[in-house]
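These notes are about the structure you will find just below.
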Amino acid sequence: MSRWIAPLFIFSTLLMLPEIFRNTVHNPSARTPAGQPLTSASRAYSSANTSIMDRQNGVVRVTGTSYPLSEKTIQKVVAKRSLEESAHVSIWNWQGLEAVTASARGLDKQHHFANSYLVGFKPFQTRELWVPLYTLAMQKEYQYDHLQYAGLSDIWQTSRQAYFQKRGDCEDHAILLADWLIELGVDARVALGTHKGQGHAWVVAIVDNQEYLLEATSKRRQASWQAMPLAALAEGYEVEFQFNRNFFWAKRNSASTRKYRGIHWIKKSQFIRS
């Protein structure tokens, strides 16, 4: 993920705000623990599944505006930029409103809205809410995007791709974890911000009216939901935005918070998949 940079004006009604988030700092040697990696059958199946074209096209309806922001519009803008520049996460203004949604470049080399990467994928059913995080710890390795994608700093995987692709960085882990939990009936969201000053993505899950912060890149095998930390107690995380399959939220101001609900959050837009 990239640092904040100077604004780039595009249309009178459209502004691509500073692109966000430097790659989070994790131990480069941290790998999936030995024990239960993807089976050979799963690996053979993975190439077919990562090539599945999930429906990511759609529009974003922004509260207080007269017409929606389309994916076609952002792709036209991004197409005018270099390959390296377009590999950054972008935050968009629309019709005079700031930070209404985000987009990122996918494996298909196109920019898509952040919500669209949560494609409604559930690898398997489970009644235990700790199982998705446990599974991620076992079978997906953490790797920086620039090492995996020839120097490009931010390439996002859909939740399906993230499950079958062996390696990924923080947003790939978070997208898969959030989407899986949503399929299990949890109010789960991907949070974007910083961790100890470095750009990062993680998951917040709301269970029994409690907010839990789930570090999707963690390789600790927590075999209990009770072991998950409350968001209010998690240190070093500074959230700026959050999203699920349908909605995108931004903070009202720059004040630090450990609460992911309340009047200090604005539901900026709704994503409608085509």
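Linking ILVMFWY residues whenever their side-chain heavy atoms come closer than 4.5 Å, directly or via other members, leaves Y260 and L177 in distinct clusters. Y163 and V131 end up in the same hydrophobic cluster when Ile, Leu, Val, Met, Phe, Trp and Tyr side chains are linked at under 4.5 Å. Criterion: ILVMFWY side-chain heavy atoms under 4.5 Å apart, direct or through other members. Under it, L213 and W249 are part of a common hydrophobic cluster. Connection of V204 to L118 is not established within any shared hydrophobic cluster, with ILVMFWY side chains joined at heavy-atom distances below 4.5 Å, either directly or through further cluster members. Hydrophobic clustering (side-chain heavy atoms under 4.5 Å, transitive across Ile, Leu, Val, Met, Phe, Trp, Tyr) keeps W94 apart from V59.
Here the two rings, on W265 and F241, have centers that are 6.0 Å apart or farther. The distance between the ring centers of W180 and F124 falls below 6.0 angstrom. Note: W202 and Y237 meet the aromatic proximity criterion, with ring centroids under 6.0 Å apart. Between Y212 and W225, the ring center distance clears the sub-6.0 Å criterion.
Annotation: side chain of Q210 is not in contact with side chain of M228 (no heavy-atom distance under 4.5 Å). Between Q222 and W130 there is no side-chain heavy-atom pair separated by less than 4.5 Å. Side-chain contact check for R61 versus S269: every heavy-atom pair is 4.5 Å or farther apart.
Minimum interatomic distance between A205 and L181 (heavy atoms only, all atoms of both residues): CB-CD1, 4.3 Å. For the residue pair Q157 and Q165, the shortest heavy atom distance occurs at NE2-CG, 3.7 Å. Nearest heavy-atom pair across D179 and S159 is OD2-OG, 2.6 Å. Taking each heavy atom of N244 and A188 in turn, the nearest pair found is CB-O, 3.6 Å. The minimum heavy-atom distance linking T217 with C170 is given by the pair CG2-CA, 3.6 Å. In terms of heavy-atom proximity, L136 sits nearest to A216 at CD1-O, 4.0 Å.
Counting only distance, with no hydrogens or angles, the side chain of Y117 and the backbone of G106 share a donor-acceptor pair below 3.5 Å. Side chain of K122 to backbone of L184: no donor-acceptor contact under 3.5 angstrom is found. The closest donor-acceptor contact from the side chain of K140 to the backbone of R167 lies under 3.5 Å. The main-chain N or O of R81 is never found under 3.5 Å from a side-chain atom of S86 such that the two would form a donor-acceptor pair. Looking only at distances, no side-chain donor or acceptor of K268 sits under 3.5 Å from a matching main-chain atom of K251.
One finds the CG atom of L107 at 9.0 Å from the NE2 atom of H112 (value rounded to the nearest 0.5 Å). Taken from CG in N246 to CZ in R189, the straight-line distance is 11.0 Å, to the nearest 0.5 Å. Atom CZ of F248 sits about 14.5 Å away from atom CD of Q270, to the nearest 0.5 Å. Rounding to the nearest 0.5 Å gives a distance of 9.5 Å between CG of D169 and NE2 of H200. Atoms CZ and CG, on F164 and L176 in that order, are 10.0 Å from each other to the nearest 0.5 Å. With rounding to the nearest 0.5 Å, the separation of CG in L69 from CG in L97 is 11.5 Å.
By the 6.0 Å and 45° rule, K267 stacks over the aromatic ring of F247.
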>> Quick one, Q56 with T158, criterion side-chain hydrogen bond (donor to acceptor under 3.5 Å, both in side chains). Give me CA distance, side-chain angles, the key distance, then yes/no.
In response: CA-CA 9 Å; Q56 287 190 263; T158 68; 5.7 Å; no
>> Run the side-chain contact (heavy atoms from CB on, under 4.5 Å) test on V207 and V186 for me, step by step, so that the C-alpha distance in whole Å, both residues' side-chain angles and the decisive distance to 0.1 Å come before the verdict.
In response: CA-CA 7 Å; V207 179; V186 177; 4.0 Å; yes
> Where do V190 and L192 land on the side-chain contact (heavy atoms from CB on, under 4.5 Å) test, with the steps shown first?
Replying inline: CA-CA 7 Å; V190 176; L192 300 177; 4.3 Å; yes
>> Working note: T257 + H264, criterion side-chain hydrogen bond (donor to acceptor under 3.5 Å, both in side chains); need CA distance, chi angles, decisive distance, verdict.
In response: CA-CA 9 Å; T257 183; H264 56 294; 3.3 Å; yes
>> I'd like to know whether T101 forms a side-chain contact (heavy atoms from CB on, under 4.5 Å) with F271, so could you lay out the CA-CA distance, the side-chain angles of the two residues, the decisive distance to 0.1 Å, and finally the verdict.
In response: CA-CA 9 Å; T101 191; F271 173 69; over 6 Å; no
>> If you apply the rule side-chain contact (heavy atoms from CB on, under 4.5 Å), what do you find for I74 with F113, and how did you get there?
In response: CA-CA 9 Å; I74 66 170; F113 292 119; 3.9 Å; yes
> Yes or no on side-chain hydrogen bond (donor to acceptor under 3.5 Å, both in side chains) for E238 and S256, after CA distance, side-chain angles and deciding distance?
Replying inline: CA-CA 6 Å; E238 295 290 341; S256 179; 2.8 Å; yes
>> Set out, in order, the CA-CA distance, both residues' side-chain angles and the distance that settles side-chain hydrogen bond (donor to acceptor under 3.5 Å, both in side chains) for S274 and N57, then state yes or no.
In response: CA-CA 6 Å; S274 298; N57 295 336; 5.9 Å; no
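W92 pairs in a side chain to side chain contact (heavy atoms under 4.5 Å, CB included) with only one of the listed residues (T73, V77, V62), which is V77.
A salt bridge is defined here as a Lys NZ or Arg NE, NH1 or NH2 lying under 4.0 Å from an Asp or Glu carboxylate O, and E211 with R261 meets this definition. The residues R105 and D154 are annotated as not salt-bridged, no charged nitrogen and carboxylate oxygen being separated by less than 4.0 angstrom.
Other residues, nucleotides and ligands contribute more than 12 heavy atoms inside 6.0 Å of the CD atom of Q125. Counted within 6.0 Å of CZ on R273, heavy atoms from surrounding residues, nucleotides or ligands total more than 12; the atom is thus considered enclosed.
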